[in-house]
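To start, the structure itself, in structure tokens.
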Amino acid sequence: MRQPSSPSITALHRVVLLTGFDPFGGQLINSSWEAVQVLHRHTILGHRIVAAQLPTVFDQSCDVLSALLRKHHPGLVLCVGQAGGRNAIALEQVAINLSDTPIPDNAGVQPIDKAVIPAGPAAYFTSLPVKLIARALLSEGIQAELSLSAGTFVCNHVFYSLMHALTTQSSLKRTCGGFVHVPHLPTQGAPSMVLTEIVRGLKLAVHVALEHRKQTF
Ligand code: PCA
């Protein structure tokens, strides 16, 4: 079947874009990608999930994200990254305009004290209902927490770029989005969370965010 080149009016905003990253730092897998790809083509509250992989590379990750936003016109965007050392699904609250990293990205780039977007504001808040999501996850027995910093590596870079796009592009005015960090999988070492639990958590996060969005718009 031929794919339409742009979404129809009824399809507009009926897509949830879920992104994960490729492995980085010498690891063989990235728990964020392992989890989001499970949900590709699932439907939640009448919304089709499109899962896509972003490269763990500063500039390229944002180029790929922009292309995905243009292609799918999602109503909701959940960017997901792996955070070793955490044992809970972390709902990120603030994206900051800073890239500064002790380790290079997958292209060998290691920015120090650089703005994500030089003309942008110092920070953006998520537009996800993070407190509602955290409460829903905890009540289902899934470890969850609010987080004030997504770090200053590629995840924060993507988070900031996403929020900048949602704030400044009129075609994305009705799109909600934010960033979630997930723990390692058990095969990557402790602390960790099993894949089925991470997937269950992401599904619930999407569900709560869509319910909330319906009431808001
Ligand atoms: N985690 C890294 C980048 C890619 C990923 O999955 C981070 O927290 O910045």
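Every heavy atom of this structure was used, including side-chain atoms; hydrogens, water molecules and symmetry mates were not.
Taking CG from L166 and SG from C176, the interatomic distance works out to 8.5 Å, rounded to the nearest 0.5 Å. Atoms CG and CZ, on L210 and R14 in that order, are 9.0 Å from each other to the nearest 0.5 Å. Atom-to-atom distance recorded for L76:CG and H212:NE2 is 11.5 Å, nearest 0.5 angstrom. To the nearest 0.5 Å, atom OG of residue S171 and atom CG of residue L69 are 8.5 Å apart. In this structure, the separation between CG on D22 and CG on N30 is 7.0 Å, given to the nearest 0.5 Å. In this structure, NE2 on H42 lies 10.5 Å from CG on L18, to the nearest 0.5 angstrom.
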Working for side chain to side chain contact (heavy atoms under 4.5 Å, CB included), residues I44 and K203: CA-CA 8 Å; I44 300 179; K203 244 172 129 167; 3.9 Å; yes

Side chain to side chain contact (heavy atoms under 4.5 Å, CB included) assessment of L202 paired with L204: CA-CA 5 Å; L202 294 178; L204 190 52; over 6 Å; no

Criterion side chain to side chain contact (heavy atoms under 4.5 Å, CB included) on R174 and L172, from CA distance to verdict: CA-CA 5 Å; R174 290 168 63 85; L172 296 170; over 6 Å; no

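The backbone N or O of A122 lies less than 3.5 Å from no partner atom in the side chain of N97, so there is not a single donor-acceptor pair. Checking side-chain atoms of T152 against main-chain N and O of D100 turns up a donor-acceptor pair under 3.5 Å. H40 places a side-chain N or O within donor-acceptor distance of the main-chain N or O of A51, the cut-off being under 3.5 Å. Although no hydrogens or angles enter the test, the distance criterion places a donor-acceptor pair under 3.5 Å between the side chain of T175 and the main chain of P74. Between the N106 side chain and the P23 main chain, a donor and an acceptor come within less than 3.5 Å of each other. Remark: side-chain polar atoms of Q188 are paired, donor with acceptor, to backbone N or O of I29 under 3.5 angstrom. With hydrogens and angles ignored, the 3.5 Å screen pairs a side-chain donor or acceptor of S32 with a backbone N or O of F21. Although no hydrogens or angles enter the test, the distance criterion places no donor-acceptor pair under 3.5 Å between the side chain of N87 and the main chain of S192. When atom types are taken as modelled, the side chain of R213 and the backbone of G75 share a donor-acceptor pair closer than 3.5 angstrom.
A 6.0 Å sphere centred on CD1 of I112 holds more than 12 heavy atoms belonging to other residues, nucleotides or ligands. More than 12 heavy atoms of other residues, nucleotides or ligands sit less than 6.0 Å from atom CZ of R200.
Residues L162 and V16 are members of separate hydrophobic clusters, defined by side-chain heavy-atom contacts under 4.5 angstrom among Ile, Leu, Val, Met, Phe, Trp and Tyr. In this structure, Y160 is not a member of the same hydrophobic cluster as I96, with clusters built from ILVMFWY side-chain heavy atoms closer than 4.5 Å. V116 and L98 are members of different hydrophobic clusters when ILVMFWY side chains are connected at heavy-atom separations under 4.5 Å. Cluster membership check: I198 does not share its hydrophobic cluster with F24, using side-chain heavy-atom separations under 4.5 Å among Ile, Leu, Val, Met, Phe, Trp and Tyr. Both L54 and I117 belong to a common hydrophobic cluster when Ile, Leu, Val, Met, Phe, Trp and Tyr are linked at side-chain heavy-atom distances under 4.5 angstrom.
Closest approach of V199 and A35 over heavy atoms only: CG2-O, 3.8 Å. The two atoms that bring W33 and A52 nearest to each other are CZ3-C, 3.3 Å, heavy atoms only. Scanning all heavy atoms of the two residues, the minimum distance from V80 to F179 falls at C-CZ, 3.8 Å. For the pair I103 and F153, the tightest heavy-atom approach, listed with the atom from each and the gap, is O-CE1, 3.5 Å. The two atoms that bring A150 and C155 nearest to each other are O-CB, 4.3 Å, heavy atoms only. Considering every non-hydrogen atom in both V182 and I89, the closest pair reads CG1-CG1, 4.5 Å.
Looking at Q53 and Q37, their side chains never bring a donor and an acceptor atom within 3.5 Å of each other.
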Result block: side-chain N/O donor-acceptor pairs under 3.5 angstrom for residues 137-146, not counting sequence neighbours:
from, atom 1, to, atom 2, distance (Å)
S139, OG, R135, O, 3.4
S139, OG, A136, O, 3.0

Contacts table for residues 60-68: side-chain donor-acceptor under 3.5 angstrom, sequence neighbours left out:
from, atom 1, to, atom 2, distance (Å)
S61, OG, V57, O, 2.8
S61, OG, F58, O, 2.8
S66, OG, C62, O, 2.9

Result block: side-chain N/O donor-acceptor pairs under 3.5 angstrom for residues 124-134, not counting sequence neighbours:
from, atom 1, to, atom 2, distance (Å)
Y124, OH, H164, ND1, 2.7
T126, OG1, L128, N, 3.1
T126, OG1, G177, O, 3.3
S127, OG, G177, N, 3.0
S127, OG, G177, O, 3.2

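Remark: N156 engages no residue in a side chain to side chain donor-acceptor pair (under 3.5 Å) (not counting sequence neighbours). Remark: T101 pairs with no residue by the side chain to side chain donor-acceptor pair (under 3.5 Å) rule, at least two apart or across chains. Remark: R86 engages E92 in a salt bridge (charged side-chain N to carboxylate O under 4.0 Å, His left out) (not counting sequence neighbours).
Proximity of Q82 to H181: side-chain heavy atoms (C-beta onward) are nowhere separated by under 4.5 Å. Taking 4.5 Å as the limit, some side-chain heavy atom of V194 sits within range of a side-chain heavy atom of P186. With a 4.5 Å cut-off on side-chain heavy atoms, L78 and V206 count as touching. Here the side chains of H73 and V15 are not in contact, with every heavy-atom distance at 4.5 Å or above.
The six-membered or imidazole ring of F159 lies away from that of H157, with a centre-to-centre distance of 6.0 Å or more.
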